[in-house]
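Structure record follows, encoded as structure tokens.
Labels below follow one simple rule: chain letters A, B, ... track the order of the sequence lines, proteins then strands, and each chain is numbered from 1. All values derive from a computational prediction rather than experimental measurement.
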Amino acid sequence: MAAPSMKERQACWGARDLYWRCLDDNAEDAARCQKLRSSFEASCPQQWIKYFDKRRDYLKFKEKFEAGGFQSSQSTENS
Amino acid sequence: QGPGLRTRLLITALFGAGLGWAWLAARAEKEQWRQQQRTEALRQAAVGQGDFSLLDHKGQPRCKADFRGQWVLMYFGFTHCPDICPDELEKLVQVVRKLEAEPDLPLVQPVFITVDPERDDVAAMARYVQEFHPRLLGLTGSTEQVAHASRNYRVYYSAGPKDEDQDYIVDHSIAIYLLNPDGLFTDYYGRSRSAEQIVESIRRHIAAFHSVLP
């Protein structure tokens, strides 16, 4: 299996970006983005899909963390 | 009566000056020795450290000595990389192009070394590098040769689990390395450095460079 060419890579990134934008616009409701999800899965190698899904989870976590969305744990507060 | 006050002061001054001169001479000699030690250490590092024995994307054998006299920007990645490698290579190539546009600066040689020798053979490397820059050199080799090169540059890499297509992602450290014309590791640039910042840094290194090789 050859590596994706630059063109294929960019098509994959484009499909991923459209899918992610849909998730952003629909409060992460994947059901509303099914068509774009299918397009994403058709445009990228499977390993990349797994990688990008993990990356999105990480980016969302980072965004929330930086916004101070987490409260300190009870044990930390009491110590 | 002994020597006069003036005579005694003169003798003391001369003695002090002699001591001062001797100390400065000793310090200069020590500094010169230290510099010679450093130059010799750099010379040995230039020749002995960071060597590799790999094939380029045209099947030609390559080692570090082939790049003697050239500034080198080096990146370790793999062709099946989802996003970081192509992003970093694109940045590296932007740097190369910006420097190419300055006629008073020497050309910088871009090099991409694979950490996935199992899939990245000569043909795969040729397909990959030609999409970035005509002078981007792809280097590959046997598993052992790649491991040797990676160890020499302190590059971590580890292939992940294979899926049903036998596809996998290789986890690896991310840095662009700068080697000077003597082949010495000179600087590295991480993800957060922009092409402009890297160009500025390289310009400074070029201005400050003096060869330690004969």
Heavy-atom neighbours of B/Arg191 CZ exceed 12 at 6.0 Å: yes

Between OH on residue A/Tyr51 and CD1 on residue B/Ile84, distance to nearest 0.5 Å: 3.5 Å

Minimum-distance pair of heavy atoms, taken over all atoms of A/Gln47 and B/Asp167: NE2-O, 3.1 Å

A/Trp13 to B/Pro82 - nearest heavy-atom pair and separation: NE1-O, 2.9 Å

Contacting region of B/Glu90 [heavy-atom separation from chain A under 4.5 Å]: side chain

B/Lys58 NZ: over 12 foreign heavy atoms closer than 6.0 Å: no

Per-residue contact mode, B/Tyr128 against chain A (heavy atom under 4.5 angstrom): side chain

Side chain to side chain, B/Asp83 and A/Arg9, heavy atoms closer than 4.5 Å: no

Over 12 foreign heavy atoms within 6.0 Å of NE2, B/His148: no

Within 6.0 angstrom of B/Tyr156 OH, more than 12 heavy atoms from elsewhere: yes

A/Ser5 side chain near B/Glu131 side chain, heavy-atom distance below 4.5 Å: yes

Check: B/Ile169 main-chain N/O paired with A/Trp48 side-chain donor or acceptor under 3.5 Å: no

